[in-house]
Every structure is written in C-alpha cells, then in structure tokens.
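Below: one structure, written as structure tokens.
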Amino acid sequence: QVQLVESGGGLVQAGGSLRLSCDAPGRTLSSYAMGWFRQAPGKEREFVAGTSWSGGSTNYADSVKGRFTISRDNTRNTVYLQMNSLNSDDAAIYYCAAAPSLITLRHTTTVKYWGQGTQVTVSS
C-alpha cells in the first residue's frame, strides 16, 4: 500500500496561481505514472493531468491545457501541479493518483493509489 499525501491547496483569487505537491512518505514513486484528478461538488471525479514514471511524457485534460503544468522530481519523490490563471471552474478537491502507466492513470477505475485530497477554492 502506498499512502499519497497532497499539500498546497487553499484559497486563491481568480487569475491567481497555486502549486500542489504530492509525495509518499517512506515509499518511492519512481515506478508509477503519477497524476492529478479533481472533484467538484455534485460532479464526478475527473482527470486533470498525468506524467509518466520518468516525467518524459505528460498529458492534460483539455480544460487545463496551457494553464496547468505537471512535473515530478523522483529524487525528492514528489509530484507537482502548477496551476495558473485559475478560475471558478477549477475549484474542487484535488487528488493525487498513482497508476502502473499513463494509460491506466486516465481512468478512476484503474488508478492504483489515491491521496486524501486537498481543497482548492477560487474566489471571484
């Protein structure tokens, strides 16, 4: 079992930025594709961004392309999500996720490990 721990959520004004972090204390994440999902009230959990185990491949939901950037530092065992130009549609609980590959990372049913989530609130 891998425990994923997110941090960096909070309240930000529309147009602002936040950086989320995810690590796994005592465990290595370098063998997993890592990503971020989000879930707004009354909506299903949706894929936001993913990165391969090496960081060499990434993919994004259309709604965040050009605004969000996922990265990872395997030496620090940490995955990041830089979020810029935030708007009200981005407000949600953000979950870190680990899966065997980028393909399996795209779907909630094939994610292997989940974090507890971190709240992102965007004020207008």
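Fair warning: this is a prediction, and the values are worked out from it, not measured in the lab.
- Surrounding CH2 of Trp114 are more than 12 heavy atoms belonging to other residues, nucleotides or ligands, all under 6.0 Å away.
- Side-chain contact check for Thr69 versus Tyr60: some heavy-atom pair is nearer than 4.5 Å.
- With contacts defined as side-chain heavy-atom distances shorter than 4.5 Å, the pair Tyr32/Lys112 qualifies.
- The OG atom of Ser7 sits 9.0 Å away from atom CZ of Arg19, with the distance rounded to the nearest 0.5 Å.
- The hydrophobic clustering, which links ILVMFWY residues whose side-chain heavy atoms are closer than 4.5 Å, places Trp53 and Phe37 apart.
- Remark: side-chain polar atoms of Arg67 are paired, donor with acceptor, to backbone N or O of Ser85 under 3.5 angstrom.
- From Asp73, atom CG reaches atom OG of Ser30 across 11.5 Å, with rounding to the nearest 0.5 Å.
- Atoms OG1 and CG, from Thr118 and Leu81 in turn, are 11.0 Å apart once rounded to the nearest 0.5 Å.
- Minimum interatomic distance between Arg72 and Ser52 (heavy atoms only, all atoms of both residues): NH1-O, 2.8 Å.
- In this structure, Gln3 places its CD atom where only 12 or fewer heavy-atom neighbours from other residues, nucleotides or ligands lie under 6.0 Å away.
- Pairing each heavy atom of Glu6 with each of Cys96, the nearest pair is OE2-N, 2.8 Å.
- Closest approach of Ile93 to Gly117, counting heavy atoms only: CG2-CA, 3.8 Å.
- Between Glu46 and Arg38 there is a side-chain heavy-atom pair separated by less than 4.5 Å.
- Grouping the Ile, Leu, Val, Met, Phe, Trp and Tyr side chains by contacts below 4.5 angstrom, directly or via other members, places Val48 with Leu29.
- Both Leu20 and Val12 sit in one connected hydrophobic cluster of ILVMFWY residues. Membership requires side-chain heavy atoms under 4.5 Å apart, directly or through other members.
- The side-chain heavy atoms of Ser63 and Asp89, taken from C-beta on, include no pair separated by under 4.5 Å.
- The closest donor-acceptor contact from the side chain of Asn77 to the backbone of Ala24 lies under 3.5 Å.
- More than 12 heavy atoms of other residues, nucleotides or ligands sit less than 6.0 Å from atom CD of Gln119.
- Between Ala40 and Ala92, the closest heavy-atom pair is N-CB, 3.8 Å.
- Counting all heavy atoms, side chain and backbone alike, Val111 lies closest to Ala99 at CA-CB, 4.3 Å.
- Looking only at side-chain heavy atoms (C-beta outward), Leu4 and Tyr95 stay at 4.5 Å or farther from each other.
- Within a 6.0 Å sphere centred on CG of Leu11, other residues, nucleotides and ligands contribute more than 12 heavy atoms.
- Taking every heavy atom of both residues into account, Trp36 and Tyr94 meet most closely at CE3-CB, 4.3 Å.
- Cluster annotation: Met83 and Tyr80 are assigned to distinct hydrophobic clusters (Ile/Leu/Val/Met/Phe/Trp/Tyr, side-chain heavy-atom contacts under 4.5 Å, transitive).
- For the atom pair Thr51 OG1 and Leu105 CG, the distance stands at 9.0 Å (nearest 0.5 Å).
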Is there a side chain to side chain contact (heavy atoms under 4.5 Å, CB included) between Arg76 and Asp23 once you walk through the steps? CA-CA 8 Å; Arg76 296 180 181 272; Asp23 64 6; over 6 Å; no

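- Under the 4.5 Å side-chain heavy-atom criterion for Ile, Leu, Val, Met, Phe, Trp and Tyr, Ile70 and Phe47 are members of distinct hydrophobic clusters.
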